[in-house]
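Bear in mind that the values here come from a model prediction, so they are computed numbers and not experimental data.
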Amino acid sequence: MADQLDMNGLSLKDSQHAPQGQNGFHAPGERSAYIPPHARSSAGPRAPAPTAASLDGAMPAANGLGQSNWAPPKYVHIPPLGFSTAEIDIHRSAGFAGAGRGSGGWANAQSFTPRGGNNWEGGARGGFDRNAYGNPGAGGGQSARGSGEGQWRDGKHIPGPANQRVERELFGVPNDPSKQQTGINFEKYDDIPVEASGQGVPEPVTTFTNPPLDDHLIANIELSGYKVPTPVQKYSIPIVMGGRDLMACAQTGSGKTGGFLFPILSQAYQTGPSAAAPQQGGFARQRKAYPTSLILAPTRELVSQIYDEARKFAYRSWVRPCVVYGGADIGSQLRQIERGCDLLVATPGRLVDLIERGRISLANIKYLVLDEADRMLDMGFEPQIRRIVEGEDMPPTAGRQTLMFSATFPRDIQMLARDFLKDYIFLSVGRVGSTSENITQKVEYVEDADKRSVLLDILHTHGAGLTLIFVETKRMADSLSDFLINQGFPATSIHGDRTQRERERALDMFRSGRCPILVATAVAARGLDIPNVKHVVNYDLPTDIDDYVHRIGRTGRAGNTGISTAFFNRGNRGVVRDLLELLKEANQEVPAFLESIAREGSGFGGGGRGGRSGGGRGRGATATRDVRSFGGGQRPAYAGSQWGGSSGGGYGGGFGGAPAAGGYSGGGGYGSGYGNPSGPSGPGPNSSWW
DNA sequence: TGTGGGC
């Protein structure tokens, strides 16, 4: 269904869709118009999920390339993905078919493809009716939009009616592999250590129960299949509900999104819309939206993913989530916002645009969330974030709650982040290397000239499952995917120069297994939750080790295992020390050449630390630590979630029980071997993942 | 340097 819709308005550039009957492949000689490399990768619209038969036979033939390298069985392992064409169609059609508004998956396509009667329509929200705040029409039966939305009336939350179709769209059907992550049971993570510092850290919760959580939220959590809060959720729920600011380090895929959505929505369901809400003139047409929650993330796809989650947990509630990002039709986003916007998920650029147009005010923001916060505050994004947070009408730190989440949090970025936080609690969830236990990391020495052939070897060897290949530049993404396609591999690419439609399509093809090889730039490095990524290849290593951490984190998620392979050569010696350290910490095999190049490296590059990581940006210890604890040589309290036995009390520095002690008073410190001594580069650890 | 992100 999605693919079919994608046919609308295709330009020449999209002509890969045209030869539907040929599985979307052109013989090279036949091309009369330029077809971008990635375009040649796609199977035609509505192509069935690849089966051994379809790929084996049709694809190479249509490709007309001889395909000596084509090894069907390996890439056709759709079975491990558990897809059938029918399932895909069900899901997708659910996403597009009828919902009056944004549909699931990457279905936000509607926002840039104004198809007739697009998804934002389907029943005008009669302006704002703040008397019965929320979703007019939902009260007495079916909402006009058919989404089963609730409202806030007379100080009470009145959930909308259930809607089977919407439920299936949001929560999937049983065993829907595209919803796999939902409902992963995190009970096995019970022994994950947690470090919390700051004044008065509250006790963690252990279940999704009322109190403190609102019943309506709990119902939606159950629909989503979550059973027990993940470690980060256990801590973030009471912290956020207690009104505190938060800086949290937790691997994506560990329930981070729920970590902020749960407490925010729960509060919203209990307290209703902000009293200070929209100064609606008495006129029907209010064109400016006043969201109470704002979630910012660095890429469009991530924003879209968060929005999809938000819709689940906001189901039938008075809270209306909206999403805005660039590359998509702004008109439909405006219409969407006009119908009500309580929780807004956005990329920075488009948000600024909408603010400038006077269509969004941040005056009512109660919650500000920066996802992938270290990225949002790095050189590239920081000015925009600062403008949004400090340069518009958002309440100051005292008037809002600010939450930051990331898997990595370099020291310098922590320092910067403090500008946006007030008396925050620092939370680090996870055991050193816990992720990597699920990821087998390999590093191979490969000269640039040999990369392609080594990659082919790898692709032949590790056939089953999805393979995500990272490169450093957009150009390389195109040329490598082009190469792979010419070699007969079902590959596609995603990077920032592709159109939004191409990006979403590539991701969808990858996700669904129809195109199990994806060549990507950094755009896909963070946050994306793609089930069944079996192998991450760092064809080009990033220059920053944190990027490496995020990249390999696309596999081995939520208890699954994964493989990571990095191509290393002397051009990467800038990261050699950090990489070395990382591998050791994660108990991975350390190739000898790494050690020796690291020694070479220490000879030059100046300073104590070889390579680029000057400025104290290198990895130090394994755990991210609260930067506030470095000042006086003090360390944050150490809270072993299940270690100390005493259910949250009695950690060294006053976690839980002894409020004032916090992380400032040099608590018990780390167990031996937990916090490494500071590296030579600087005052100490700064970046990490759990 | 490159990668994201508005028009």
Side-chain angles (χ1 to χ4, degrees), chain A residues 108 111-112 252 294-307 323-334 337 344-360 370-389 391-392 406-408 410 413 448 468-480 493-500 502-504 506-507 518-528 538-551 554 571-575 605 611-615 617:
Chain A
N108 301 306
S111 57
F112 50 84
T252 313
L294 175 63
I295 298 158
L296 296 172
T299 66
R300 300 166 184 171
E301 285 77 12
L302 186 49
V303 153
S304 179
Q305 178 178 296
I306 294 166
Y307 169 69
V323 63
V324 299
Y325 53 78
D329 174 45
I330 202 167
S332 54
Q333 290 181 359
L334 285 169
I337 288 167
L344 179 62
V345 192
T347 49
R350 179 56 64 91
L351 176 61
V352 168
D353 191 8
L354 291 170
I355 291 172
E356 282 177 354
R357 292 173 187 232
R359 305 300 290 271
I360 290 178
L370 300 188
D371 199 10
E372 306 297 343
D374 59 333
R375 181 81 179 86
M376 301 302 282
L377 294 175
D378 80 6
M379 218 172 46
F381 274 116
E382 193 242 4
Q384 283 180 80
I385 300 303
R386 206 170 273 281
R387 158 154 191 202
I388 291 167
V389 179
E392 302 292 338
S406 181
T408 55
I413 302 291
D448 288 345
L468 181 54
I469 301 165
F470 282 106
V471 295
E472 270 298 88
T473 65
K474 299 165 191 167
R475 255 188 63 186
M476 180 62 85
D478 277 340
S479 72
L480 186 58
S493 72
I494 184 168
H495 62 70
D497 276 353
R498 299 198 71 185
T499 66
Q500 190 55 26
E502 288 170 330
R503 286 165 60 158
E504 303 199 11
L507 206 49
L518 180 65
V519 183
T521 61
V523 72
R526 283 170 173 265
L528 293 187
N538 273 288
Y539 188 90
D540 298 321
L541 270 167
T543 53
D544 186 323
I545 196 66
D546 284 347
D547 292 336
Y548 173 83
V549 169
H550 284 274
R551 287 180 182 186
R554 297 315 100 211
N572 307 114
R573 60 182 180 274
V575 284
R612 55 97 219 160
S613 53
R617 267 278 299 193

Using a 4.0 Å heavy-atom cut-off across all strands, classify [X] as base, sugar-phosphate, or nothing.
X: A:Val523; result: sugar-phosphate
X: A:Arg503; result: sugar-phosphate
X: A:Gly380; result: base

dist A:Ile360:CD1 -> A:Leu334:CG (nearest 0.5 Å) comes out at 8.0 Å
A:Thr299 meets the side-chain contact (heavy atoms from CB on, under 4.5 Å) criterion, sequence neighbours left out, with A:Glu301, A:Leu302, A:Val523
Whole angstrom is fine here: how far is it from [atom1] in [X] over to [atom2] in [N]?
X: A:Glu301; N: B:dT3; atom1: CD; atom2: C1'; answer: 13 Å
X: A:His495; N: B:dT3; atom1: NE2; atom2: P; answer: 9 Å
X: A:Arg359; N: B:dG6; atom1: CZ; atom2: C1'; answer: 16 Å
X: A:Ile360; N: B:dG6; atom1: CD1; atom2: C1'; answer: 13 Å
X: A:Arg526; N: B:dG5; atom1: CZ; atom2: C1'; answer: 14 Å
X: A:Arg387; N: B:dG6; atom1: CZ; atom2: P; answer: 13 Å
X: A:Asp547; N: B:dT1; atom1: CG; atom2: C1'; answer: 13 Å
X: A:Asp540; N: B:dT1; atom1: CG; atom2: P; answer: 17 Å

Taking OP1 and OP2 of [N], is either one under 4.0 Å from a side-chain nitrogen or oxygen of [X]?
X: A:Thr521; N: B:dG4; value: yes
X: A:Thr543; N: B:dT1; value: no
X: A:Arg375; N: B:dG5; value: no
X: A:Arg498; N: B:dT3; value: no

If the condition is ring pair (Phe, Tyr, Trp, His ring centres under 6.0 Å), which residues does A:Tyr548 pass it with, not counting sequence neighbours?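 With neighbours one apart ignored, the set is empty.
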From the options [options], select the nucleotide whose nearest atom is closest to the side chain of [X].
X: A:Asp378; options: B:dG6, B:dG2, B:dG4; result: B:dG4
X: A:Lys474; options: B:dG6, B:dG4, B:dG2; result: B:dG4
X: A:Arg300; options: B:dG6, B:dG2, B:dG4; result: B:dG6

Margin query: With a 3.5 Å cut-off and heavy atoms only, can you find an N or O donor on one side and an acceptor on the other between the side chain of A:Gln384 and the base of B:dG5?
Written below: yes
Exercise. Any side-chain heavy atom of A:Leu351 sitting closer than 4.5 Å to one from A:Leu294?
Worked result: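 A side-chain contact exists here, since the closest heavy-atom pair is under 4.5 Å.
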ask   = Do other residues, nucleotides or ligands put more than 12 heavy atoms under 6.0 Å from the CZ atom of A:Arg386?
value = yes
